[in-house]
Structures are given as structure tokens and as C-alpha cells.
Enquirer: 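I'd like to ask you about the structure that follows.
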There are 2 protein chains.
Amino acid sequence: MATTTAAQRREKARVEYDAFIKSCPTNQLLVRISDKWVSLIVSALAEGSMRYSDLGRKIAGVSPKMLTQTLRSLERDGIVARTVTPSVPVRVDYELTPLGMNLSCLLTAVKDWAEQHIEEVNEARDRYDASSAAS
Amino acid sequence: MATTTAAQRREKARVEYDAFIKSCPTNQLLVRISDKWVSLIVSALAEGSMRYSDLGRKIAGVSPKMLTQTLRSLERDGIVARTVTPSVPVRVDYELTPLGMNLSCLLTAVKDWAEQHIEEVNEARDRYDASSAAS
DNA sequence: CAGAATCCAAATCGATACTG
DNA sequence: CAGTATCGATTTGGATTCTG
């Protein structure tokens, strides 16, 4: 009846699809590991535990806000463990959990794929750009 | 001398790091595959070639703009191939290249990891949220 | 030291309408 | 059919400042 029915249906489909995507484990994982700082933090911690400020120094360019935010979400997902030593001043260490180490392995697989195929991708890009430039 | 020296140095570090991250193959790959629509498109095409509108229908909720944009960047990277059949009306088919199929395998590996560990992640989340709620 | 809170600029995404 | 162009809403990330 209403003239908005079609639009409403599309909107509904979109919302449902959004929910589906957000609940999809694969997508959740993809979103997590592709976060700008996650792979850097995980690979830094793969070598051993580190203090907050050490991470901040090792990963130059990260703001305290993003470092904390990323670390918190990784902690929540059980990927890193946070240990507070109540000295003065306080000392906080972060380290990978077993799950985190496992994730680190997956990241290594991704890294290997990237290194094996980056050349091919770059060639494709050059070809594409060259033919586009001929506009 | 200047009071801005420290800030400038931080800024410089950030810019350099940004450049480093952007040029890093692993990060480029991560950014690409975690794009909201990429994994959906690649897995849809893994089953065979598809027309533009078929993709749009299969992946409900994607706008023409995002579909085109995603497809174009995948084409540029040599992951999908675009074939135009100049009939009336025109017909455009998309399919995975060998590189694209290879990527599809990596995506499968990621998917497997996600499915194997999602439970563990969810438990960690519940635990974390439960202890946070006790605030 | 390790972070929390606030503010703001920039990039992103989607809806919509139009075209060859 | 297969897009392109434009605009507005939303999200995101960073700088900055402050605190236990």
C-alpha cells in the first residue's frame, strides 16, 4: 500500500544482512586481525611479553588511545593477557595467551601468502593502471 | 629550540610508520580481504562466474556503488576478471582469476580457523564481560 | 607509568538519482 | 543492464589534556 514498501523491504534486507555478517565468525575474525594495530601488536608480543610503554615505543606512531583500545579488545577476546604489578609506579605487562599464539600462526600464514603473491598483485596493478591511463 | 620540536618528531614518526604500514604486503593483504564485501564476493565467485546483477542479488544489501567499487579494486589486483559482452543490453561477467582462486583458499583457511576458535573467543568474551559487569 | 576523557578532522558508506 | 555521480549521515582515528 504505502509508497515506501519497496524501500522498506530493501532496508530490511540490508539490516538483516548486516546482522548476518556481523555474527559470522569468519567476518569477525577478519575484522579483528585486519585492524591497523592488531597484527603489529600480536607480532610484537609473539617474541615475548612487553610492558605498555614498550609496546608504545616499539610500535611508533600509535597513540595511547588506540594502543589501550586495541589491547583491551584483544584481552576481551582472550588473545592477550594483562598482568598488573601493583608497585609504585604500577607496571603492566601484556603477553600472548595460547589462543593468541595460535592466532599468531595464522597471521604467519597470511604473511607468507602475502609475500608469495605480492609480486603478482603488483604486476596486475601496473597492467591495470597502464591500460587505464590510456584513457 | 622551538616548543613544537617534540610534537613534530612524534608526527614525523607517525607519518613514517604510516608509510611503512601501507607499503607492507601483509598489511595490504589484510586490509583487502577484510573489506566488508570482499570475502562475500570472492566466495560467491568461487562457485563460478557471475553477472553484475547476479552478484548484487546474491549479496543482498550491497549498494551498486560498493559493488562496483569493490569489484574494480579486485580487478585491479588481478583477483577477478571482468568480461564485457557487447550485446544489447550489455552483459558483464565476473570470475575469479587463478590468483583469485588461490586467495579463496587462503580465505578458507581463515574461515576454518575462525570456526575452530570462535567458541574459545566467545567464552573469553563472556568471562571478560562478566567480570567487568561487576563494577 | 598506564591509562581515561574529550574534542575534532577525515575517511567511509549508503541512499538516491541519473546515464550509455 | 551495468554502472556513475552526488550528497549526507556515521564512523573512526588522532591530538591533547588530565589522573590514580
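The chains referred to below are lettered A, B, ... by the order of the sequence lines, with proteins before strands, and numbering in each begins at 1. Everything quoted here is computed from the prediction, not taken from an experiment. Just the heavy atoms: all of them, side chains too, but no hydrogens, waters or symmetry mates, feed the values below.
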Enquirer: Which residues pass the side chain to side chain donor-acceptor pair (under 3.5 Å) test with A/Asp126, not counting sequence neighbours?
Expert: none
Enquirer: Looking at A/Arg127 and A/Asp129, is any side-chain nitrogen of the basic one under 4.0 Å from a carboxylate oxygen of the acidic one?
Expert: no
Enquirer: Sequence neighbours left out, cut at 3.5 Å: what donor-acceptor pairs do the side chains of residues 101-108 of chain B make with other protein atoms?
Expert:
unit_1: B/Asn102; atom_1: OD1; unit_2: A/Trp113; atom_2: NE1; d: 3.0
unit_1: B/Thr108; atom_1: OG1; unit_2: B/Ser104; atom_2: O; d: 2.9

Enquirer: Does the side chain of B/Tyr94 get closer than 4.0 angstrom to OP1 or OP2 of D/dC1 through an N or O atom?
Expert: no
Enquirer: What is the distance, to the nearest angstrom, from the CE atom on A/Met66 to the C1' atom on D/dT11?
Expert: 12 Å
Enquirer: When you measure from every atom of DNA chain D, which of residues 78-93 of chain B have a heavy atom less than 4.0 Å away?
Expert: B/Arg82, B/Pro89, B/Val90, B/Arg91, B/Val92
Enquirer: Which atom pairs, donor and acceptor, lie under 3.5 Å between side-chain atoms of residues 21-31 of chain B and protein residues at least two apart or in another chain?
Expert:
unit_1: B/Ser23; atom_1: OG; unit_2: B/Ala19; atom_2: O; d: 3.3
unit_1: B/Ser23; atom_1: OG; unit_2: B/Phe20; atom_2: O; d: 2.9
unit_1: B/Gln28; atom_1: OE1; unit_2: A/Arg125; atom_2: NH2; d: 2.7
unit_1: B/Gln28; atom_1: NE2; unit_2: B/Lys22; atom_2: O; d: 3.0

Enquirer: Determine, stepwise, if the pair A/Arg32 / B/Ser34 fulfils side chain to side chain contact (heavy atoms under 4.5 Å, CB included).
Expert: CA-CA 9 Å; A/Arg32 166 140 320 297; B/Ser34 66; over 6 Å; no
Enquirer: Is it true that the side chains of A/Tyr52 and A/Thr68 contain a donor and an acceptor less than 3.5 Å apart?
Expert: yes
Enquirer: Taking the nucleotide of DNA chain C with the nearest heavy atom to each, does B/Gln69 or A/Leu71 sit closer to the 5' end?
Expert: A/Leu71
Enquirer: So do the side chains of A/Tyr94 and A/Leu55 get within less than 4.5 Å of each other, counting heavy atoms only?
Expert: yes
Enquirer: Can a salt bridge be assigned to the pair A/Asp54 and A/Arg57 using a cut-off of 4.0 Å between side-chain N and carboxylate O?
Expert: yes
Enquirer: Are A/Asp18 and B/Lys36 ion-paired here, with the side-chain N under 4.0 Å from a carboxylate O?
Expert: yes
Enquirer: Quick one, B/Arg72 with B/Arg82, criterion side chain to side chain contact (heavy atoms under 4.5 Å, CB included). Give me CA distance, side-chain angles, the key distance, then yes/no.
Expert: CA-CA 9 Å; B/Arg72 283 284 186 284; B/Arg82 178 170 176 268; 3.6 Å; yes
Enquirer: Please state how far atom CG in B/Leu55 lies from atom C1' in D/dA2, giving the value in whole angstrom units.
Expert: 12 Å
Enquirer: Pick out the pairs of N or O atoms, protein on one side and nucleotides 4-9 of chain D on the other, that lie under 3.5 Å.
Expert:
unit_1: D/dT4; atom_1: OP1; unit_2: B/Arg72; atom_2: NH2; d: 3.3

Enquirer: Between A/Arg57 (CZ) and C/dG3 (P), how many Å, whole number?
Expert: 14 Å
Enquirer: Please say which of B/Leu99, B/Leu45, B/Val42 ends up in a side-chain contact (heavy atoms from CB on, under 4.5 Å) with B/Val80.
Expert: B/Leu45
Enquirer: Nearest-Å distance, CZ (B/Arg51) to C1' (D/dG3)?
Expert: 13 Å
Enquirer: Would you mind reading off the distance between A/Met50 atom CE and C/dC1 atom C1', rounded to a whole angstrom?
Expert: 17 Å
Enquirer: Considering only heavy atoms, which members of residues 16-42 of chain B lie under 4.0 Å from some atom of DNA chain D?
Expert: none
